[in-house]
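Report on the structure given below.
Here the structure is a predicted model, which is why all the values come from computation and not from measurement. All heavy atoms count here, side chains included; hydrogens, waters and symmetry mates do not.
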Amino acid sequence: MSGPAAGTAVAATTTDVVCLGESMVTFLPSQPGRLADVPSFGRGIGGAESNVACALAAAGHRAAWVGRVGADGFGDHLVETIASYGVDTSAVRRDPFRPTGIYFRTATDRGTDTHEVAYYRAGSAASAMSPANVPYEELFAGRILHLSGITAALSGDCLALLRELTAARPGRPLVSFDVNHRPHLWRGGDADASVLLELARRADLVFVGEDEAEEAWGIIGAEAIRAAVPEPSVLVVKRGSAGATVFASGLRPGPRSSNAGGAEVVTHVPALHVDVVAAVGAGDAFAAGFLSATLRGLPVRDRARHGHLMAAAVLTVPGDLTEPPARDHADRLVALGDDAWGTLRLGPGWTAADRASEEVRTP
């Protein structure tokens with residue numbers, strides 16, 4: 001029988017956030033240029049959901065990552081590296097028949113025409129995740145379950161799993177869903193658009209970029225996105241350098257029933273001015289910052305500001321992951337008045353700065 005058994009008790013909550021999805025070994029170029037010309041690559045890890053788990057653990061939360069990797073050296077590397085951030089990886093399953101996914105990318109921004117990514121993930125261990133083989137007790141053990149649309153694109157079984165996890169049921173944790181539209185992962189047609197919209201409407205907290213909503217759904221503007229996705233208690237529309245707009249009618253992490261109700265509040269939070277080193281992993285970091293502040297019960301403006309700060313930490317380093325700012329440091333920045341927030345500019349090394357050396361200047 002697939003899915004959790006009817007009447008099965010949900011495990012006592014010992015984890016703040018459980019993240020489910022595929023993580024891969026990523027090979028980062030030693031220099032700019034075409035993949036054909038890059039002479040060597042450094043090894044790292046990449047995966048939207050594991051990125052969120054690592055950032056949350058580094059920020060002091062109890063985070064777990066649930067996934068499926070091959071019984072190979074790359075799987076060992078993934079599990080060991082993610083665990084080194086303080087993430088609980090005890091529920092990760094090893095697949096003796098399928099490999100761990102890997103990918104190569106160029107050093108350029110993914111939004112440019114020169115950016116290349118070569119994925120070797122078809123038939124990966126993660127693509128075999130299904131309602132029949134995931135540990136439901138561990139998935140439902142957290143206050144928040146974080147998912148993304150990437151998983152839905154991996155296989156029919158993975159899509160069935162996400163439908164199972166987003167189904168309304170008693171005791172379900174707050175379900176956080178990052179749309180993460182990746183057209184190259186889908187198998188043609190417009191199935192991705194309808195699937196991602198369906199899953200978003202079943203979640204409690206949704207993150208979606210204004211650009212990906214236009215690309216996937218043909219919807220332009222935050223208000224129009226909210227009209228298309230009215231069910232979630234909290235909808236975060238990421239608008240790039242313009243900031244984020246949050247639609248919120250319920251803010252407490254917990255079962256869906258405790259999240260519903262209340263008048264809708266719309267909050268726009270400007271983005272920071274950042275000296276960008278590499279524009280990878282910022283969306284995952286924003287989600288981690290927002291979830292971190294949600295777990296702490298902070299006001300919606302502060303949740304979005306923490307998201308922006310986590311994103312700024314990643315934007316000012318070459319890879320997908322970095323040490324986040326210390327909590328008291330981030331809280332001081334979040335507490336700035338609107339004018340001071342608007343003139344804050346962050347560059348490489350800013351997360352290590354103390355209050356006296358923070359750089360606040362008009363861009």
Side-chain angles (χ1 to χ4, degrees), residues 17-28 41-59 63-70 72-95 98-105 110 117-129 134 138-139 142 144-155 158-159 161-162 165 176-182 184-186 207 278-289 291 310-311 314 317-322 324:
V17 181
V18 178
C19 303
L20 174 136
E22 179 174 34
S23 191
M24 296 178 292
V25 173
T26 176
F27 290 91
L28 310 175
F41 297 81
R43 186 179 63 176
I45 66 170
E49 301 84 2
S50 59
N51 284 348
V52 171
C54 290
L56 284 166
W65 173 63
V66 178
R68 194 173 181 88
V69 300
D72 50 34
F74 288 144
D76 294 340
H77 176 66
L78 277 176
V79 174
E80 291 167 7
T81 303
I82 293 169
S84 73
Y85 282 84
V87 175
D88 180 356
T89 58
S90 61
V92 175
R93 299 295 188 258
R94 307 302 290 260
D95 190 319
R98 300 174 181 86
T100 303
I102 64 173
Y103 74 98
F104 297 77
R105 68 171 174 84
R110 70 171 49 150
V117 180
Y119 286 105
Y120 299 90
R121 71 197 305 180
S124 70
S127 70
M129 290 189 295
V134 297
E138 286 88 346
L139 286 171
I144 297 174
L145 172 61
H146 182 70
L147 310 168
S148 94
I150 294 173
T151 305
L154 299 180
S155 68
C158 284
L159 173 55
L161 174 60
L162 258 64
L165 294 175
S176 166
F177 180 72
D178 193 332
V179 170
N180 261 327
H181 182 226
R182 299 288 187 268
H184 60 274
L185 292 181
W186 292 87
F207 300 94
V280 292
D284 304 329
F286 181 95
L291 292 174
M310 281 274 209
V314 169
V317 298
D320 292 28
L321 292 167
T322 189

Go through Asp76 and Arg94 one step at a time and tell me if the side chain to side chain contact (heavy atoms under 4.5 Å, CB included) criterion holds. CA-CA 9 Å; Asp76 294 340; Arg94 307 302 290 260; 2.7 Å; yes
Closest non-hydrogen contact found for Ala59 with Met310 is CB-CE, 3.7 Å
If you compare all heavy atoms of Ser176 against all heavy atoms of His146, which two are closest, and at what distance to 0.1 Å? OG-ND1, 2.8 Å
Nearest heavy-atom approach of Ala48 to Asn180 is CB-ND2, 3.6 Å
Indicate yes or no: at least one non-hydrogen side-chain atom of Val25 is less than 4.5 angstrom from one of Arg43. yes
Can you tell me how far apart CG (Leu154) and CZ (Arg121) are? Round to the nearest 0.5 Å. 5.5 Å
Distance check, rounded to the nearest 0.5 Å: Leu321 atom CG versus Cys54 atom SG? 5.0 Å
Straight-line distance of Asp320 CG to Ser50 OG, nearest 0.5 Å: 8.5 Å
If you look at every heavy atom in Ala153 and Trp186, which pair is closest and at what distance? CB-CE2, 3.4 Å
Short question: side chain of Asp95, backbone of Arg68 - any donor-acceptor pair under 3.5 Å? no
Could you go step by step and tell me if Phe74 and Val69 meet the side chain to side chain contact (heavy atoms under 4.5 Å, CB included) rule? CA-CA 8 Å; Phe74 288 144; Val69 300; over 6 Å; no
Results of salt bridge (Lys or Arg N to Asp or Glu O under 4.0 Å) for Glu49 - residues two or more places apart only: none
Within this structure, what is the CD-CE distance for the pair Glu22 and Met129, rounded to the nearest 0.5 Å? 7.0 Å
Evaluate the side chain to side chain contact (heavy atoms under 4.5 Å, CB included) criterion for residues Arg105 and Val280: first the C-alpha distance (whole Å), next the side-chain angles of each, then the deciding distance (0.1 Å), finally the verdict. CA-CA 11 Å; Arg105 68 171 174 84; Val280 292; 3.7 Å; yes
So which of Asn51, Ile45, Val92, Asp88 actually passes side chain to side chain contact (heavy atoms under 4.5 Å, CB included) with Ile82? Ile45
Is it true that a side-chain atom of Thr89 and a backbone atom of Ala83 form a donor plus acceptor pair closer than 3.5 Å? no
From Asp284 CG over to Ser148 OG, what is the distance, rounded to the nearest 0.5 angstrom? 8.0 Å
Using a 3.5 Å distance criterion without hydrogens, assess whether the side chain of Thr322 forms a donor-acceptor pair with backbone atoms of Val314. no
Name the orientation class of the two ring planes belonging to Phe27 and Phe104 (parallel below 30°, tilted from 30 to 60°, perpendicular beyond 60°). parallel
Minimum heavy-atom distance Ala63-Ala53, with the two atoms named: CB-O, 3.5 Å
Measuring from Tyr85:OH to Leu56:CG, what's the distance to the nearest 0.5 Å? 13.5 Å
Determine whether Leu20 and Leu161 satisfy the following criterion, side chain to side chain contact (heavy atoms under 4.5 Å, CB included), listing intermediate values before the conclusion. CA-CA 10 Å; Leu20 174 136; Leu161 174 60; 4.1 Å; yes
Of all heavy-atom pairs linking Phe177 and Gly149, the shortest is CE1-N, 3.4 Å
Students often mix this up, so state it plainly: with edges at 30° and 60°, are the rings of His184 and Tyr119 parallel, tilted or perpendicular? parallel
